[in-house]
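Inspection log for the structure reproduced underneath, given as structure tokens.
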Number of protein chains: 2
Amino acid sequence: MSEAAREQAIGSTRDRILAAALHAFADRGVEATSLDSVAAEVGVRKQTLLYWFPSKEQLLFGVVDHAVADLGGRLLEAVAGTGPALADRMVAVVDATFRLGTTHPELLAVVREISRLGPPASTRLATAAEPLVDVAVAALAREGIAATDADRARLRNVLLAAGATVVGIATEAEFRADLGLAPDLAWLRSRRRALLDSLTRSLGG
Amino acid sequence: MSEAAREQAIGSTRDRILAAALHAFADRGVEATSLDSVAAEVGVRKQTLLYWFPSKEQLLFGVVDHAVADLGGRLLEAVAGTGPALADRMVAVVDATFRLGTTHPELLAVVREISRLGPPASTRLATAAEPLVDVAVAALAREGIAATDADRARLRNVLLAAGATVVGIATEAEFRADLGLAPDLAWLRSRRRALLDSLTRSLGG
DNA sequence: ACGGCTCTCTACCAAGTGGTAGACACTCTA
DNA sequence: TAGAGTGTCTACCACTTGGTAGAGAGCCGT
């Protein structure tokens with residue numbers, strides 16, 4: 001198999017590094033993850049990794065950007081596949097998020113990990129995520145939800161709080177699994193209901 | 001000031017090591033925390049630390065045991081200071097937990113961190129926490145809540161799930177702060193209410 | 001005064017860390 | 001076919017890590 005064909009099949013080296021680093025950072029922690037271990041998982045030498053990302057910090061930034069872009073893409077896609085009514089869109093985004101939490105828990109875990117690390121990683125995360133929040137605020141503002149700047153600021157906080165809730169729920173789910181509790185659909189549904197109710201209340205929808 | 005007097009004033013070396021390690025493990029992560037950094041915070045050499053805890057793993061175990069004992073003590077104390085009615089006790093424990101989350105967030109953070117580490121730390125945590133759960137189950141069983149072994153097993157799961165919820169809420173709170181959201185009493189109250197409702201429902205109280 | 005005990009220290013060590021320097025192979029273009 | 005990239009490699013380096021060996025200071029009962 002040629003190099004080009006293999007890359008087509010399993011992704012470019014850079015992407016594979018990002019994927020491996022995402023998983024490692026999410027479940028072992030950034031500082032506890034060595035470049036060697038990430039490289040080994042990719043099947044490459046550490047120096048190859050340092051060719052693509054000149055330092056561990058740059059790799060972390062790459063992971064942050066990639067994760068945020070991935071997350072944003074999935075949510076936008078979810079919104080695109082639904083009607084124009086606010087309530088429908090809200091449900092679509094929340095459901096997409098919950099689905100994400102079960103299929104790609106590392107995406108939420110890495111967000112938590114990075115926020116714990118503090119600057120500069122958390123700053124990078126904030127910067128990368130800002131456009132997403134802006135898009136959401138703008139979309140809601142267009143619906144007539146927010147008119148003044150103060151409204152928009154409040155809206156922004158509502159969205160951030162919802163994000164925090166999702167991270168909290170993801171952590172709870174992880175911890176439940178660690179405790180040996182079986183996956184519980186009723187529990188998930190109640191969390192989803194509560195989040196939707198809270199959003200509806202906050203957005204006056 | 002004599003050695004003995006200083007120890008009386010600021011705690012024994014061992015206790016100070018445990019406290020410093022608890023904080024460091026909770027907010028930087030275990031693998032990302034070096035023995036040197038813990039020792040430096042205590043104001044002592046690493047080798048002194050290794051005198052008290054012969055390895056990093058033993059130190060971690062010490063922190064786990066200490067944290068669980070502390071947590072258990074606080075909860076028992078909360079229960080002791082209330083009437084015999086089940087509902088009152090439940091409220092007392094939940095409120096004590098929430099108070100703990102604001103005054104000593106590191107206690108909950110370290111639990112999350114340790115569960116993420118997996119064995120052997122998580123095993124140690126489970127072992128250390130088991131008596132607490134048993135005591136709670138026994139107390140509830142005495143109230144006539146649980147009669148059969150299956151009842152007791154279900155009860156155990158309810159308590160574990162409540163613990164997971166608390167850890168999730170603590171994470172949510174931490175993340176809210178990281179996002180720059182102001183502390184929000186209404187939010188906290190709603191989480192408390194939801195937890196109490198869920199417990200009441202599960203315990204048929 | 002003394003030997004034992006408790007506690008902290010200095011001095012190391014092997015292994016692993018993030019990162020640098022530079023050689024080697026491959027492909028694509030002139 | 002020569003040369004410039006591009007991507008991966010081997011070989012190092014300085015530093016930090018968890019851990020060991022053992023000396024020495026203060027205390028205590030004899």
Side-chain angles (χ1 to χ4, degrees), chain A residues 1-22 24-25 27-64 113-114 117-121 124, chain B residues 1-22 24-25 27-64 113-114 117-121 124:
Chain A
M1 194 194 281
S2 80
E3 269 308 309
R6 201 191 62 179
E7 285 194 355
Q8 190 112 26
I10 60 182
S12 72
T13 300
R14 190 171 189 279
D15 287 348
R16 282 184 295 141
I17 290 172
L18 282 174
L22 170 64
F25 288 170
D27 73 41
R28 300 202 303 271
V30 174
E31 312 200 44
T33 298
S34 73
L35 297 184
D36 270 317
S37 72
V38 173
E41 194 157 339
V42 175
V44 93
R45 302 289 155 216
K46 173 176 60 175
Q47 291 69 18
T48 299
L49 192 152
L50 284 166
Y51 166 79
W52 290 100
F53 303 92
S55 72
K56 192 179 185 179
E57 184 170 273
Q58 288 302 315
L59 171 60
L60 178 55
F61 287 174
V63 167
V64 170
E113 166 70 11
I114 284 161
L117 277 178
R124 179 76 170 218
Chain B
M1 192 195 280
S2 79
E3 269 308 307
R6 201 190 63 179
E7 287 194 353
Q8 190 112 28
I10 60 183
S12 72
T13 300
R14 189 170 191 280
D15 287 348
R16 282 183 298 142
I17 290 172
L18 281 175
L22 170 65
F25 287 169
D27 72 45
R28 298 202 305 270
V30 173
E31 313 200 41
T33 299
S34 72
L35 296 184
D36 270 317
S37 72
V38 174
E41 195 158 338
V42 174
V44 93
R45 303 287 155 215
K46 174 178 58 175
Q47 290 69 17
T48 300
L49 193 153
L50 284 166
Y51 166 78
W52 290 100
F53 303 92
S55 74
K56 192 179 186 179
E57 183 170 271
Q58 288 302 316
L59 171 60
L60 178 55
F61 288 173
V63 167
V64 170
E113 165 71 10
I114 284 162
L117 278 178
R124 180 76 170 216

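Order of the sequence lines fixes the chain letters, A, B, ..., with proteins taken first and strands second; residue numbering starts at 1 for each chain.
- For the residue pair A/Leu18 and A/Gly62, the shortest heavy atom distance occurs at CD2-C, 3.6 Å.
- Residues of residues 30-39 of chain B that place a heavy atom closer than 4.0 Å to DNA chain C do not occur.
- Distance B/Phe53 CZ to C/dT8 P: 12 Å, rounded to the nearest Å.
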Side-chain polar contacts of residues 35-44 of chain B - donor-acceptor pairs under 3.5 angstrom, sequence neighbours left out - could you list them?
unit_1, atom_1, unit_2, atom_2, d
B/Ser37, OG, B/Arg28, NH2, 3.0
B/Ser37, OG, B/Ser34, O, 2.8
B/Ser37, OG, B/Ser34, OG, 3.4

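- The distance from atom CH2 of A/Trp52 to atom C1' of D/dC9 is 15 Å, rounded to the nearest whole Å.
- Under the side chain to side chain contact (heavy atoms under 4.5 Å, CB included) criterion, B/Glu31 pairs with A/Ala32, B/Leu117, not counting sequence neighbours.
- A heavy-atom distance below 4.0 Å to DNA chain D is reached by these residues of residues 42-50 of chain A, ordered by number: A/Val44, A/Arg45, A/Gln47, A/Thr48.
- Note: OH (B/Tyr51) to C1' (D/dA25) measures 14 Å, nearest angstrom.
- A distance of 7.0 Å separates OG1 in B/Thr48 from CD1 in B/Ile17, rounded to the nearest 0.5 Å.
- The shortest distance between the side-chain N/O atoms of A/Thr13 and the OP1/OP2 oxygens of D/dG7 is not below 4.0 Å.
- Regarding A/Arg16, its CZ atom lies at a distance of 12 Å from the C1' atom of D/dT8, rounded to whole Å.
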For residues 50-60 of chain B, run the donor-acceptor check on the side chains, cut-off 3.5 Å, and write out each pair with its distance to 0.1 Å, sequence neighbours left out.
unit_1, atom_1, unit_2, atom_2, d
B/Ser55, OG, B/Glu57, N, 3.4
B/Ser55, OG, B/Gln58, N, 3.2
B/Lys56, NZ, B/Val30, O, 3.1
B/Lys56, NZ, B/Thr33, O, 2.7

